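Owing to the predicted nature of the structure, the values given are computational and were not obtained by experimental measurement. In what follows, chains are A, B, ... by sequence order, proteins preceding strands, each numbered from 1.
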Amino acid sequence: MLGHEYTTKEVFRKNFFNDWRKEMAVEEREVIKSLDKCDFTEIHRYFVDKAAARKVLSREEKQKLKEEAEKLQQEFGYCILDGHQEKIGNFKIEPPGLFRGRGDHPKMGMLKRRIMPEDVVINCSRDSKIPEPPAGHQWKEVRSDNTVTWLAAWTESVQNSIKYIMLNPCSKLKGETAWQKFETARRLRGFVDEIRSQYRADWKSREMKTRQRAVALYFIDKLALRAGNEKEDGEAADTVGCCSLRVEHVQLHPEADGCQHVVEFDFLGKDCIRYYNRVPVEKPVYKNLQLFMESKGPRDNLFDRLTTTSLNKHLQELMDGLTAKVFRTYNASITLQEQLRALTRAEDSIAAKILSYNRANRVVAILCNHQRATPSTFEKSMQNLQTKIQAKKEQVAEARAELRRARAEHKAQGDGKSRSVLEKKRRLLEKLQEQLAQLSVQATDKEENKQVALGTSKLNYLDPRISIAWCVCLGSQFPPVAYGGPGFSRRPLFSPSTAPVPCPLGSAQALPVTGTHDAESCVISSPCPERSDGQGEVGVLTVAWDSEASGGPVELSLPTGSGRWLSALLGGHLGHSRLSLTPR
DNA sequence: TAAACGACTTGCCATGAAGTTG
DNA sequence: CAACTTCATGGCAAGTCGTTTA
């Protein structure tokens, strides 16, 4: 770990030395008393050399390593669940090391112990082939609990929490719970108007508890904040969510940015990612916040009468299965749908449509505060792109001049040969202009995405059916009605266009489909090659929906040619939605 | 009834594999 | 084909939320 910034941190060094001393023999403890006097450069060099040696391996040696990894994957990477082979997510025990944690973690530097078979609980059915522990060892326990999904578990030594071996997201088990999650979010659509009027009414409640709950729920809904469970202090970095906000995390401005009643949020959320936002709120919210903050210190809880448990209990009464995080899923998905509708135009080029999709995705990521560190290569690769654009511009100028010359030539000659030259030059210019447009769209996309992470929302929050419906809407009306309803606008990034009816897939007529279809009934069939029942075809994406015309489910197998285009857009969805795309 | 526990989802980042370019 | 860039995957920490325990 030498060379990492955190080895210079006092907390890290203290925790490490403390744990290290516990591991020492008595004689060592006598000698090694100060970390500052320890020199690790030799062992550090050993590991650096080892990493360097790996890099320069020959082709054959690399191939061999790859084959060995593949063998491990084959032997340990799969299990049988309900008679089907399923891929396991993490089948390796976490190796020992020094705990880092994120942000200012009080436990950074502590030793994460090596896990032995004696620490591991195995969970599998009684009549199955129970895994053998390594020679000379025993499992901590073998149990057969079919009410849980994990295959093995152990207790991790730093936080004293349980770690699990579970299935891969492409498994039926995970896919179906993900689907259920989106179904719950979609159900919220039918309740959300009522819930919103309810919490608005509750802003005037006689009971402080109810008012606090109503204001918190407003934030969870409008700003997609996380619930914010209580945390034990000293056990982890000081981060908060909605219910655990403290007075110091909000500032009230009677007027700011030309708006009245502005609330300024500034706090560290999950993973110590800063949430900073200034939002105009409705007057009663503002007045209530003033009330909640009265005669409190900065470290006091803003919502002192509210817990995530009481909030979720309330939500459960409003709708079966409703909890705070459902609002994040719902608002993320409906925002994607609305943005796709607002941003796509039928006449746009494929490149422009991809930009629109990414922008819609970006609005969601910003709503959910999914940030990333600017990639280390960002500046350089941006520069490369600009260079390319410049070169393309010159090519375009050159082609334009050539076209002009050819036109003059044709005028002078007027024969068939000069005409075909003219045509050729015209086509060349068109092609180059198109390439230039694509590059500049790419640059825009890259720049806008500098500090925004799209993966998390695509994987966890965006109903893949919306993306698919958008991809295959074939000139009929988008959006489908999956997450309809008025919703309300939040931090719009891009000005909506009024152009209706996008048709992102160029070859609409090539697909023999008629009738209406929408994401409401759009079903993703499951071409998962890993499954032993072998559903679906590799190389074809199959989407099914209920068609009015046929009165039943219709299956659409997209032509392989659309694979690249679709996978470019849907790539990030694939992990969690059992949707497998293998373009040929 | 609150704290602790257990099981699961969500989150960011580093890595290495795959793709692209000259 | 090497050098470079991009992307998918794995890793594991950190949340959410229901249940159990003290």
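D19(A) contributes a side-chain N or O that, together with a main-chain N or O of L111(A), makes up a donor-acceptor pair within less than 3.5 Å.
As judged by a 4.0 angstrom heavy-atom cut-off over every strand, N384(A) is placed among residues touching the sugar-phosphate backbone only. Contact annotation for P375(A): no contact, since no heavy-atom pair falls under 4.0 Å across all strands. Backbone-only contact: A373(A) has heavy atoms under 4.0 Å from sugar-phosphate atoms and none from a base. Residue G228(A) is in sugar-phosphate contact alone, with no base atom involved, counting any heavy-atom pair closer than 4.0 Å across all strands shown. When heavy atoms are screened at a 4.0 angstrom cut-off, N229(A) is found touching base atoms of the nucleic acid. Across all strands, A324(A) comes closer than 4.0 Å only to sugar-phosphate atoms, never to a base (heavy-atom distances). Backbone-only engagement by T177(A) is indicated by non-hydrogen atom pairs under 4.0 Å involving sugar-phosphate atoms exclusively. As judged by a 4.0 angstrom heavy-atom cut-off over every strand, S161(A) is placed among residues making no nucleic acid contact. As judged by a 4.0 angstrom heavy-atom cut-off over every strand, Q159(A) is placed among residues touching the sugar-phosphate backbone only. If you check every strand for non-hydrogen atoms under 4.0 Å, R102(A) touches a base. Note on K112(A): only backbone sugar-phosphate atoms sit closer than 4.0 angstrom, heavy atoms only; bases stay farther off. K313(A) comes within 4.0 angstrom of no nucleic acid atom, judged by non-hydrogen atoms across all strands. Across all strands, T149(A) comes closer than 4.0 Å only to sugar-phosphate atoms, never to a base (heavy-atom distances). Residue contacts for F99(A): at a heavy-atom cut-off of 4.0 Å it reaches the sugar-phosphate backbone alone, with no base atom in range.
Here the nucleotide nearest the side chain of R226(A), chosen from dC17(C), dT16(C), dA13(C), is dT16(C). Of the listed nucleotides (dT6(C), dA14(C), dA7(B)), dA7(B) has the atom at the smallest distance from the side chain of V148(A). Among the nucleotides dT10(B), dC8(B), dG11(B), the one closest to the side chain of K325(A) is dT10(B). Side-chain proximity of R372(A) to dA14(C), dC17(C), dC13(B): nearest is dC13(B). The listed nucleotides are dC17(C), dC12(C), dG11(C); the one nearest the side chain of E94(A) is dC12(C). For P95(A), whose side chain is taken as the heavy atoms from C-beta onward, the closest listed nucleotide among dC13(B), dC12(C), dA7(B) is dC12(C). Closest contact between the side chain of K181(A) and the listed nucleotides dT6(C), dT9(B), dT10(B) involves dT10(B). You'll find that the side chain of Y164(A) is closest to dG6(B), out of dG6(B), dG18(C), dA18(B).
If you check the side chains of D221(A) and N331(A), you find a donor sitting under 3.5 Å from an acceptor. A donor atom on one side chain and an acceptor atom on the other are found under 3.5 Å apart for R328(A) and Y461(A). With hydrogens and angles left out, the side-chain atoms of Q74(A) and E70(A) include a donor and acceptor closer than 3.5 Å. Between the side chains of S244(A) and E230(A), no donor-acceptor pair of N or O atoms lies under 3.5 Å.
The nearest heavy atom of DNA chain B to D271(A) and to W150(A) marks one nucleotide each, and the one closer to the 5' end goes with W150(A). Between A227(A) and E156(A), the residue whose closest nucleotide on DNA chain C is further toward the 5' end is E156(A). Taking for each of G241(A) and T377(A) the nucleotide of DNA chain C with the nearest heavy atom, the 5'-most of the two is the partner of T377(A). For T456(A) and N160(A), each mapped to the nucleotide of DNA chain B holding its nearest heavy atom, the one lying further toward the 5' end belongs to N160(A).
One atom, CZ of R305(A), and another, P of dA2(B), lie 14 Å apart when rounded to the nearest Å. Atom CG in L439(A) sits roughly 10 Å away from atom P in dT21(B) (whole-Å rounding). Distance CD (Q316(A)) to P (dT16(C)): 18 Å, rounded to an integer number of Å. The nearest whole Å value for the distance from the CZ atom in F327(A) to the P atom in dT16(C) is 15 Å. One can place CG of D104(A) at 16 Å from C1' of dA14(C), the figure rounded to the nearest angstrom. Atom pair L72(A):CG and dT9(C):P shows a separation of 19 Å (rounding to whole Å applied). As rounded to whole Å, 8 Å separates atom C1' of dG11(B) from atom CG of N460(A). In this structure, the CD1 atom of I162(A) is 18 Å from the P atom of dC12(C), given to the nearest Å.
Ring pair F40(A)/W20(A) is tilted by interplanar angle, where 30° to 60° counts as tilted. Using a 30° and 60° split on the angle between ring planes, F267(A) and F265(A) fall in the perpendicular class, above 60°.
For dC17(C), one of the phosphate oxygens OP1 or OP2 lies less than 4.0 angstrom from a side-chain nitrogen or oxygen of T323(A). For the pair K92(A) and dC12(C), the criterion of a side-chain N or O lying under 4.0 Å from OP1 or OP2 is not met. Contact annotation: K163(A) does not reach the phosphate of dA7(B) (side-chain N/O to OP1 or OP2, under 4.0 Å). For the pair H370(A) and dT10(B), the criterion of a side-chain N or O lying under 4.0 Å from OP1 or OP2 is not met. Within the structure, a side-chain polar atom (N or O) of T239(A) is placed less than 4.0 Å from OP1 or OP2 of dG15(C). Residue K66(A) has no polar side-chain atom (N or O) positioned under 4.0 Å from OP1 or OP2 of dA17(B). Under 4.0 angstrom from either OP1 or OP2 of dC17(C) there lies at least one side-chain N or O belonging to N312(A).
No salt bridge links K140(A) with D119(A); every basic N to acidic carboxylate O contact stays at or beyond 4.0 Å.
The shortest distance between side-chain heavy atoms of F12(A) and M110(A) does not fall below 4.5 Å.
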